[in-house]
There are 2 protein chains.
Amino acid sequence: MPQKLAPAISDWTQLIEQQRWQELSAVLEDTHVSDIAERITALTPKERAIVFRLVERERASEVFGYLPYGEQRELIHSLSDEEVKRVLDEMRPDDRTRFFGEMPAEVTRKLIEELSPEELKESRELLGYPADSVGRYMTPHYVFISPEMTASQAIEHIRKVGSRSETLNVIYILDTNGKLLEDIRLGSLVLADPQSKVTDIADPALVSLHAMDDRERALKLFEKYDRVALPVTDADGNMLGIVTVDDMLDVAQSEATEDIQKLGGSEALDAPYTQVGLWDMIRKRGGWLSALFLGEMLTATAMSFFETEIAKAVVLALFVPLIISSGGNSGSQAASLIIRALALHELKLRDWFKVCYRELISGLALGFMLGVIGFFRIVLWQHLHLTNYGQHYLLLAFTVWASLIGVVMFGTLAGSMLPFIMRRFGFDPAASSAPFVATLVDVTGLCIYFSVALLILHGTLL
Amino acid sequence: MPQKLAPAISDWTQLIEQQRWQELSAVLEDTHVSDIAERITALTPKERAIVFRLVERERASEVFGYLPYGEQRELIHSLSDEEVKRVLDEMRPDDRTRFFGEMPAEVTRKLIEELSPEELKESRELLGYPADSVGRYMTPHYVFISPEMTASQAIEHIRKVGSRSETLNVIYILDTNGKLLEDIRLGSLVLADPQSKVTDIADPALVSLHAMDDRERALKLFEKYDRVALPVTDADGNMLGIVTVDDMLDVAQSEATEDIQKLGGSEALDAPYTQVGLWDMIRKRGGWLSALFLGEMLTATAMSFFETEIAKAVVLALFVPLIISSGGNSGSQAASLIIRALALHELKLRDWFKVCYRELISGLALGFMLGVIGFFRIVLWQHLHLTNYGQHYLLLAFTVWASLIGVVMFGTLAGSMLPFIMRRFGFDPAASSAPFVATLVDVTGLCIYFSVALLILHGTLL
């Protein structure tokens with residue numbers, strides 16, 4: 001347990017300097033909110049912001065309430081200070097979420113209202129919402145009304161306060177504490193009887209986002225409910241801002257782009273192809289390519305295990321590329337289907353067994369089919385005297401057939417399960433790229449092929 | 001030249017039965033519009049619709065004008081007739097666009113208003129707009145006002161006619177002929193001085209779509225202008241309907257899904273993974289997989305060309321999977337980057353040379369890098385006595401290095417240029433899937449590897 005220190009300001013400063021967040025947080029817990037409010041203004045902007053962010057949410061709201069308006073504004077600007085941002089950046093992500101949780105709603109609201117759109121873009125991480133969370137996309141340009149108003153009063157109010165008409169499409173009904181009650185389309189307000197109460201003409205079902213939600217959830221709700229904007233609240237249902245559909249269109253596109261780039265076996269470029277510098281591009285692609293190459297080197301190792309067999313029956317080597325690429329191709333297919341289905345939430349983690357079963361059957365059918373083609377290719381070439389595979393060509397053909405069943409089944413299985421495994425362990429499923437799956441399948445495919453060959457050709461070719 | 005026939009109704013019927021569209025179209029050209037209007041009502045619904053669709057746009061508008069209201073409605077319903085749809089379906093696509101062009105604006109408008117949303121979904125192809133064109137996505141639920149109105153008159157009008165408030169966000173200003181003049185946000189109307197003219201408060205820049213536009217252009221405009229709906233006009237600027245952003249969100253997602261599925265080397269599934277039947281899925285994947293397998297069989301042929309070399313130096317076979325997969329991986333990378341950049345219009349067809357240059361340099365750098373790793377892998381394994389590559393191991397290492405440069409360069413080049421070639425010849429660039437590129441590169445990679453081997457190892461191992 002941390003020691004109970006007297007809450008002297010010099011101590012706070014010292015703890016910040018030494019980044020002893022846990023102790024500082026404990027000290028603040030023992031300090032009365034009015035004391036915190038009093039002392040916080042004596043600190044430097046950076047210290048002030050950090051101390052405030054370390055105070056537990058409920059109490060921070062009280063601290064903020066104790067501050068006079070001018071001090072509140074100063075604190076808001078301290079929160080978007082460059083140095084505070086740096087402290088946050090330098091912190092380990094788990095520490096960051098542990099110490100810097102959600103801010104009180106009124107502070108968040110003031111923060112996103114006070115800052116210019118450019119500042120806001122830069123400082124959204126300060127709100128304490130993780131990357132790719134809804135909190136990072138919300139804007140403060142919404143109009144709210146109170147539940148007692150009539151339609152005509154509401155329109156009168158909108159005319160007074162509304163300024164950016166493109167975000168006027170939906171109006172939000174908040175109670176006096178800023179809690180989101182309902183939303184109402186401007187169109188409904190205009191069409192309604194002027195004397196009707198706004199609560200009577202509001203949308204029957206309120207759909208709202210939580211600032212901590214992942215942007216993918218937002219995307220899903222926009223797709224499902226065909227809205228142009230959705231309200232964002234904090235954990236207690238207090239309105240913080242709105243997210244508009246055009247931002248979600250960008251999100252949808254950039255998520256798909258990332259997935260496609262990862263699927264192709266490179267890092268996400270994070271910028272249009274033409275705007276990425278040549279060397280930056282080579283670096284982003286080279287990393288994955290080298291990793292895959294290192295993995296693929298196992299094929300050389302696997303091959304050297306079977307060097308004696310190859311020397312005895314060179315004809316076996318001829319089918320190595322065909323066999324392993326079939327495994328790779330079926331694996332890429334399966335992986336890309338599953339990755340996309342996971343991204344679109346068509347599949348959940350718990351569906352892995354169903355998918356596994358489906359893919360095993362698909363793999364069996366596909367492998368059998370390719371095997372048939374491969375079998376007849378060998379027999380045909382032999383009979384047409386295009387290639388001479390020797391007297392045991394039929395056994396060779398059976399070896400290829402059987403290997404293809406095994407390799408394609410393993411390919412589809414690996415390709416379909418790898419994205420699930422990635423997701424399970426918190427990685428992006430798209431990182432189980434086609435080349436990654438192909439590399440994995442190549443090594444296994446060689447082992448399957450030569451094992452089958454040893455089994456079938458033992459005593460004849462081998 | 002078609003013969004000039006007397007425009008007898010029996011002749012029209014006969015020409016339709018024999019699908020002699022060109023002649024029927026010529027006959028109609030020689031018939032007065034009032035005669036067409038008179039005779040058209042005597043035909044069966046199917047014939048009526050087809051004759052009307054074959055009349056040239058300008059004149060069809062006049063024919064429509066000649067018809068009394070009841071007959072107009074009947075014609076509209078004939079146009080959505082099952083049999084008419086079948087005739088259209090059976091027609092070759094080029095004939096379809098040649099004969100069944102854009103309908104007159106008033107007919108299109110009436111058609112999409114008269115039909116239920118379900119019927120409309122089914123019959124959109126009847127409008128004469130190609131698949132994936134904006135015309136297929138437009139809906140008739142918009143409100144228009146005339147340019148002489150004041151803001152308060154406009155709001156009064158909206159209150160009278162507006163019914164579906166979710167499409168009330170933007171109001172369109174049309175002239176008496178139905179030509180789209182300007183658009184105005186409902187928010188701007190509400191905020192404006194009630195006495196101001198709507199033309200004074202309209203959006204400064206009108207952004208509109210043409211019904212023939214590709215849906216990708218629509219998506220691009222929505223992204224650029226952050227609108228919730230965009231108006232759709234015919235070639236003459238007549239308002240036909242609107243397209244809403246939520247449809248575009250679906251478009252963005254399904255385009256990306258298609259691309260990812262194709263990139264993974266299968267046909268687009270056209271439905272969520274879980275909703276595609278097992279055998280249907282196997283069929284969709286089996287087609288491409290078999291095609292790739294047939295292509296990949298060339299590797300067996302290529303390998304058999306070098307059978308003597310492999311027999312002489314079995315050690316060469318050990319690196320075959322490593323070499324060809326490196327080509328495949330670098331090709332997949334390049335292909336997926338370029339396919340996405342083309343889909344997002346970051347790259348145009350004319351950029352191919354710039355890309356070619358960039359990718360050649362990238363390929364050189366990446367190939368050189370992988371070659372270095374491969375070289376040291378061989379030297380290291382030899383010195384650590386992990387594998388014995390024989391006395392000429394250094395020459396072998398150089399062979400691998402040089403081959404990797406060649407193979408990776410060819411891989412990036414093929415992967416980046418194939419999508420351009422696809423697009424150039426009117427195919428979907430995404431069809432140049434990762435497995436497709438890998439197969440192409442595998443065969444070439446083998447030839448590069450063994451040619452380099454012959455060059456470097458001649459007189460020693462070979």
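Order of the sequence lines sets the chain letters (A, B, ...), proteins ahead of strands, with each chain counted from 1. The figures here come from the full heavy-atom set of this structure, side chains too, leaving out hydrogens, waters and symmetry mates.
For A:Arg283 and A:Trp279, the positive end is not near the middle of the six-membered ring at less than 6.0 Å and at most 45° from its axis.
Between chain A and the residues B:Glu223, B:Gln253, B:Glu307, the most heavy-atom pairs under 4.5 angstrom are made by B:Gln253. When A:Ile324, A:Val355, A:Leu263, A:Thr387 are compared by the number of non-hydrogen pairs under 4.5 Å with chain B, A:Val355 comes out ahead. In terms of heavy-atom pairs under 4.5 angstrom with chain A, the leader among B:Ala256, B:Gly445, B:Ala229 is B:Ala256. Looking only at heavy-atom pairs under 4.5 Å with chain A, the residue among B:Ile338, B:Ile310, B:Val190, B:Asp442 that has the most is B:Val190. Among A:Arg340, A:Glu296, A:Lys354, the residue making the largest number of heavy-atom pairs under 4.5 Å with chain B is A:Arg340. Taking chain A as the reference chain and counting heavy-atom pairs below 4.5 Å, the highest number among B:Thr301, B:Leu386, B:Asp250 is found for B:Thr301. Counting heavy-atom pairs under 4.5 Å between each of A:Ser336, A:Ser332, A:Pro321 and chain B puts A:Pro321 at the top. Highest contact tally toward chain A, considering only B:Ile373, B:Thr257, B:Leu219, is held by B:Thr257 [criterion: heavy-atom pairs under 4.5 Å]. Interface remark: of the candidates B:Ile260, B:Val314, B:Thr299, B:Thr244, B:Ile260 forms the most heavy-atom pairs closer than 4.5 Å to chain A. Of the listed residues A:Ser325, A:Ala302, A:Ala317, the one with more heavy-atom pairs under 4.5 angstrom with chain B than any other is A:Ser325.
The part of A:Ala341 that comes within reach of chain B is its side chain, from C-beta onward, which places non-hydrogen atoms under 4.5 angstrom from that chain. For a residue to count as touching a neighbouring chain, one of its non-hydrogen atoms must lie under 4.5 Å from one of that chain's; by this rule A:Leu322 touches chain B with backbone and side chain alike. When heavy atoms are compared at a cutoff of 4.5 Å, A:Ala311 approaches chain B by way of both its backbone and its side chain. Residue A:Met281 touches chain B through its side chain alone, counting heavy-atom pairs closer than 4.5 Å. With a threshold of 4.5 angstrom between heavy atoms, A:Leu298 does not approach chain B through any atom at all. Interface remark: A:Phe319 contributes side-chain atoms only to the contact with chain B (heavy atom separation under 4.5 Å). For A:Ile339, no part sits under 4.5 Å from any heavy atom of chain B, backbone or side chain. For chain B, the nearby part of A:Ala192 is the backbone; its heavy atoms alone come within less than 4.5 Å. With a 4.5 angstrom heavy-atom cutoff, A:Val245 touches chain B only via side-chain atoms. For chain B, the nearby parts of A:Ile282 are the backbone and the side chain; heavy atoms of each come within less than 4.5 Å. Interface remark: A:Leu294 contributes side-chain atoms only to the contact with chain B (heavy atom separation under 4.5 Å). At a 4.5 Å heavy-atom cutoff, the contact between A:Leu446 and chain B is made by side-chain atoms alone. If you measure heavy-atom distances from A:Val170 to chain B, you find no contacts under 4.5 Å at all.
Applying the salt bridge (Lys or Arg N to Asp or Glu O under 4.0 Å) criterion to B:Glu255, with sequence neighbours excluded, gives B:Arg215.
Under 4.0 Å is where a charged nitrogen must lie from a carboxylate oxygen, and between B:Asp259 and B:Lys262 no such pair does.
In this model, no donor atom of one side chain and acceptor atom of the other lie less than 3.5 Å apart for A:Thr274 and B:Glu346. B:Gln261 and B:Arg285 share no donor-acceptor pair across their side chains, judged by distance under 3.5 Å alone. With hydrogens and angles left out, the side-chain atoms of A:Arg358 and A:Thr412 include no donor and acceptor closer than 3.5 Å.
Side-chain contact between B:Leu289 and A:Ser330 is present, with at least one heavy-atom pair separated by less than 4.5 Å. By the 4.5 Å heavy-atom criterion applied to side chains, B:Phe368 and B:Leu364 are not counted as neighbours. A 4.5 Å side-chain heavy-atom check between B:Met369 and B:Leu366 finds at least one atom pair inside the cut-off. Contact annotation: the side chain of B:Ser416 never approaches that of B:Gln333 to less than 4.5 Å [non-hydrogen atoms, C-beta and beyond].
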Walk me through it: do B:Leu189 and B:Ile158 pass the test side chain to side chain contact (heavy atoms under 4.5 Å, CB included)? CA-CA 11 Å; B:Leu189 269 183; B:Ile158 293 162; 3.5 Å; yes
Does the pair A:Lys348 and A:Asp351 meet the rule for a salt bridge (Lys or Arg N to Asp or Glu O under 4.0 Å), with working shown? CA-CA 5 Å; A:Lys348 302 250 173 288; A:Asp351 294 322; over 6 Å; no
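Checking side-chain atoms of A:Tyr225 against main-chain N and O of A:Lys220 turns up no donor-acceptor pair under 3.5 Å. A donor-acceptor pair is defined here as one N or O able to donate and one able to accept, closer than 3.5 Å; no such pair exists between the side chain of B:Asn329 and the backbone of B:Ser326.
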